[in-house]
Amino acid sequence: MPSYTVTVATGNQWFAGTDDYIYITLVGTESCSERTLLDKPLYNDFERGAVDSYEVRVGENLGDIVLVKIEKKKYWVQDDWYCRYITVKTPSGDYLEFPCFCWLVNDKEVVLRDGRAHLPQDDKTSLVKQHRQKELDGRRKTYRWREWQPGFPMSIDANRHKDLPRDIQFDSEKGVDFILNYSKAIENLFVNQFMHMFQSSWSDFSDFEKIFVRIKNTISEYVMQHWKEDFMFGYQFLNGCNPVLIRKCKKLPDKFPVTHEMVAVSLERELTLEEEIEAGNIYIVDYEVLDGITPNSTDPCTLQYLAAPICLLYKNAHNKIMPIAIQLGQVPGEDNPIFLPTDGQYDWLLAKIWVRSSDFHHHQTITHLLRTHLMTEVFGIAMFRQLPAVHPAFKLLIPHIRFTIAINTKAREQLICECGIFDKANATGGGGHVQMVQRAVKTLTFRSLCFPDMIKSRDVDSKEELPTYFYRDDGYKVFSTEFVSDVVNIYYTSDERVQGDEEIQAFVKDVCSFGGKPRQSDGFPKSLKTREELIEYLTVIIFTASAQHAAVNFGQYDWCSWIPNAPSTMRKPPPNKKGLANVNLIVESLPDRGRSSWHLGAVWALSQYQENELYLGMYPDEHFTEKPVKDAMAKFRTELAEITSSIKKRNEGKKLPYYNMSPDKIPNSVAV
């Protein structure tokens with residue numbers, strides 16, 4: 001009797017092994033094997049991390065093996081099992097790989113195709129066509145769209161992490177328990193004695209050092225030492241946590257009536273303000289999105305305040321970005337003065353602190369939450385609904401969607417929900433953060449997620465004009481790697497192949513119709529016509545989930561742990577006239593001891609890498625089995641190593657090195 005050798009790999013994660021019965025059926029072009037129990041006598045099969053081999057004997061020729069059916073049946077109690085892959089050695093000595101990378105829960109069966117990627121138009125037999133369709137039908141029932149809040153991007157239809165499909169849950173729910181992680185962070189940072197001291201102000205700036213963990217020769221220590229200085233304030237618009245707002249000022253807006261006389265002392269080229277604008281030396285940052293947002297009122301004992309400042313920046317003769325004028329509200333007038341570096345030192349310092357606080361809110365809610373986490377979830381849900389596991393785009397995207405839906409669900413459960421952690425320390429808690437997302441969604445476009453377009457739209461793409469904009473330089477390098485292009489060109493040999501791929505078209509349409517909340521101006525494509533368009537689309541998804549998220553997430557402890565540099569709330573209203581500010585007013589405006597401790601715990605926890613982090617280019621789950629793709633992966637890793645090396649070289653000797661876009665520090669997905 002012919003015999004097939006079947007090798008089964010069990011996952012390495014906690015509780016991946018099972019004591020349940022596992023059955024296999026081999027489905028060939030000619031016939032099927034009998035349903036065979038995979039069991040060795042006196043042996044504990046399917047233990048965590050095990051790779052076990054079994055003989056499957058057949059009575060007749062099966063033809064080419066097309067599918068492998070795996071079934072799990074209860075032995076004693078239900079015992080979930082994570083199968084990594086199955087390989088089949090045929091009687092003629094050929095090896096076939098069947099990637100699985102999924103959980104079998106309850107009495108479940110899963111039917112696998114071999115690891116070669118196929119476009120839908122290449123499937124000719126009814127057997128594989130039906131398999132493909134059945135998988136998608138099941139997925140669409142499991143991965144349903146839901147609007148968590150009106151005006152938000154659509155998300156997964158699940159209230160809690162434990163309601164999610166097992167395949168997209170975290171391996172260990174404890175690992176992403178925000179409440180547990182933040183409390184641990186607060187304990188590790190030795191700030192627990194201040195944690196419940198709400199309403200208790202610090203005595204002066206140096207008092208903040210009581211909760212500041214000094215780590216020698218780090219960015220956070222440098223920030224603590226230089227946070228009051230104008231160059232440090234300006235530098236953060238280029239390479240801080242939120243390097244996405246600075247834009248060249250072509251014309252001063254009417255709502256910001258800065259005159260040459262106001263700023264003449266700050267200009268260094270013997271030009272008027274108008275001439276400096278024409279020469280391209282003036283930049284602007286506008287927090288209009290914060291105008292009218294309701295401040296946090298969840299604690300009746302503490303009034304909290306928000307502002308919507310506008311900040312004018314000047315590139316001086318040494319190419320440093322320096323603040324030259326700040327208005328703390330959107331409507332000019334006597335009660336909304338324009339603060340200047342020539343004002344009293346505390347007036348100017350307090351104005352800058354208000355800008356930094358507004359920047360913190362914009363960063364957390366729009367740059368980080370909306371534009372990386374929530375948008376990646378949109379792409380992820382559409383991927384599960386429209387692309388079967390055999391599709392090359394699914395295989396390409398799945399490592400970058402890993403745990404995204406899980407972490408976002410956990411955030412909706414604990415972090416940004418009513419009475420969540422966000423409410424504890426942030427002035428946008430209690431609903432303001434929801435208003436901000438709703439407002440920002442209205443102006444979110446597909447092109448703004450495309451890195452080169454986003455840089456050009458703000459007119460900050462010239463390296464000559466802004467030589468120290470490292471976020472831009474490193475982002476360009478990572479965005480322009482050729483990996484996506486190499487993989488797409490393996491499977492799509494012409495533009496017609498893209499147009500004829502009904503699944504990729506359905507994927508793009510799903511993003512546009514459901515996830516993207518279509519508006520005439522949002523630019524999310526309804527279809528893709530060329531390979532170039534497909535390459536860009538997939539690159540945007542991978543870049544958003546990996547490099548862009550890393551750039552705006554992992555610098556949070558560096559830039560936000562010194563509380564006065566990034567206050568999560570302000571307890572006094574923005575000053576409406578000059579000459580009021582002093583140290584006392586500033587300290588009473590800044591977060592109290594309790595909120596400072598929660599803030600510190602949050603930015604510390606968010607800045608940590610996972611224990612077994614998978615960085616860009618690391619793909620241990622082999623969804624692709626073909627050599628050309630594996631060669632493309634090897635080339636990708638070489639490209640990334642060269643970028644890492646060039647960034648490391650540039651950073652040598654710098655007091656403020658920029659490494660957030662270094663590929664060796666970019667996890668594959670947002671799930672951190």
Side-chain angles (χ1 to χ4, degrees), residues 136 138-170 173 176-178 364-387 394 397-398 400-423 428-429 431-446 448-449 506-519 522 524 540-542 544-546 548-549 552-553 606 669-672:
L136 288 178
R139 292 247 211 93
R140 284 171 196 147
K141 286 175 189 163
T142 306
Y143 296 87
R144 299 175 306 278
W145 293 110
R146 187 179 78 171
E147 191 176 56
W148 182 66
Q149 291 279 357
F152 264 53
M154 298 285 268
S155 52
I156 193 78
D157 184 10
N159 290 322
R160 295 162 302 179
H161 179 266
K162 65 181 183 183
D163 301 332
L164 293 171
R166 184 71 181 90
D167 283 334
I168 59 169
Q169 288 182 25
F170 281 105
E173 197 170 347
V176 279
D177 188 306
F178 287 111
Q364 288 290 8
T365 306
I366 297 173
T367 306
H368 185 204
L369 173 64
L370 170 62
R371 294 178 63 85
T372 63
H373 279 264
L374 299 184
M375 287 314 301
T376 303
E377 181 174 6
V378 167
F379 292 123
I381 296 169
M383 178 198 77
F384 282 115
R385 287 170 52 83
Q386 306 299 345
L387 300 177
F394 179 90
L397 293 177
I398 189 69
H400 304 285
I401 303 300
R402 183 175 180 254
F403 300 144
T404 294
I405 299 170
I407 200 165
N408 288 2
T409 304
K410 205 72 178 155
R412 287 187 284 269
E413 205 181 325
Q414 292 185 327
L415 204 59
I416 58 173
C417 55
E418 200 174 334
C419 304
I421 292 174
F422 225 75
D423 291 0
T428 51
H433 58 302
V434 172
Q435 293 172 357
M436 282 181 74
V437 170
Q438 290 165 332
R439 198 173 281 184
V441 163
K442 291 174 183 170
T443 57
L444 191 151
T445 65
F446 178 75
S448 73
L449 296 176
F507 165 58
V508 168
K509 191 176 178 185
D510 215 11
V511 170
C512 179
S513 304
F514 294 96
K517 307 291 274 178
R519 304 179 312 279
D522 69 5
F524 278 82
V540 164
I541 299 171
I542 293 171
T544 301
S546 57
Q548 181 62 16
H549 177 260
V552 302
N553 182 71
L606 289 167
S669 77
V670 303
V672 292

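Nearest heavy-atom pair, T428 versus M436, reported as atom, atom and distance to 0.1 Å: CG2-SD, 3.6 Å. The shortest heavy-atom contact between T372 and H549 is OG1-CD2, 3.5 Å. The nearest pair of heavy atoms linking Q169 to K162 is NE2-O, 3.6 Å. In terms of heavy-atom proximity, C417 sits nearest to W148 at CA-CZ2, 4.1 Å.
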* Go through the steps to decide whether L397 and I542 satisfy the test side chain to side chain contact (heavy atoms under 4.5 Å, CB included), and finish with yes or no. => CA-CA 7 Å; L397 293 177; I542 293 171; 3.8 Å; yes
* To do: Apply side chain to side chain contact (heavy atoms under 4.5 Å, CB included) to the pair I416 and H433, showing each step before the final yes or no.
  => CA-CA 8 Å; I416 58 173; H433 58 302; 3.8 Å; yes
* **D510 and W145: CA distance, side-chain angles, deciding distance, side chain to side chain contact (heavy atoms under 4.5 Å, CB included) verdict** => CA-CA 10 Å; D510 215 11; W145 293 110; 3.3 Å; yes
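Taking CE of M375 as the reference point, atom CG of L370 lies at 7.0 Å (rounded to 0.5 Å). Here CZ of F422 is found 4.0 Å from OG1 of T365. Values are rounded to the nearest 0.5 Å. Note: I398 CD1 to M383 CE = 3.5 Å, rounded to the nearest 0.5 Å. Here the CD-CG distance, from Q364 to N553, works out to 8.5 Å after rounding to the nearest 0.5 Å. Taken to the nearest 0.5 Å, the OG1 atom of T376 stands 11.0 Å off from the NE2 atom of H400. From I366, atom CD1 reaches atom CG of L374 across 11.5 Å, with rounding to the nearest 0.5 Å.
Within the 3.5 Å criterion, the main-chain N or O of A440 finds a donor-acceptor partner in the side chain of T443. Under a 3.5 Å cut-off, the side chain of R140 and the backbone N or O of R385 do form a donor-acceptor pair. A donor-acceptor distance shorter than 3.5 angstrom exists from the side chain of S513 to the backbone of K509, with no hydrogens or angles considered. No donor-acceptor distance shorter than 3.5 angstrom exists from the side chain of H373 to the backbone of I407, with no hydrogens or angles considered. Judged purely by atom type and a 3.5 angstrom limit, Q438 uses its side chain to pair as donor or acceptor with the backbone of P150.
Listed by first then second residue, pairs satisfying salt bridge (charged side-chain N to carboxylate O under 4.0 Å, His left out) with a partner in residues 365-380 read E377-R412, not counting sequence neighbours.
In this view, A158 and I156, D163, L164 satisfy the side chain to side chain contact (heavy atoms under 4.5 Å, CB included) rule, not counting sequence neighbours.
Test I381, I401, T409, I405 against I168 for side-chain contact (heavy atoms from CB on, under 4.5 Å) and you get one pass: I405.
Using a 30° and 60° split on the angle between ring planes, F379 and F524 fall in the tilted class, from 30° to 60°.
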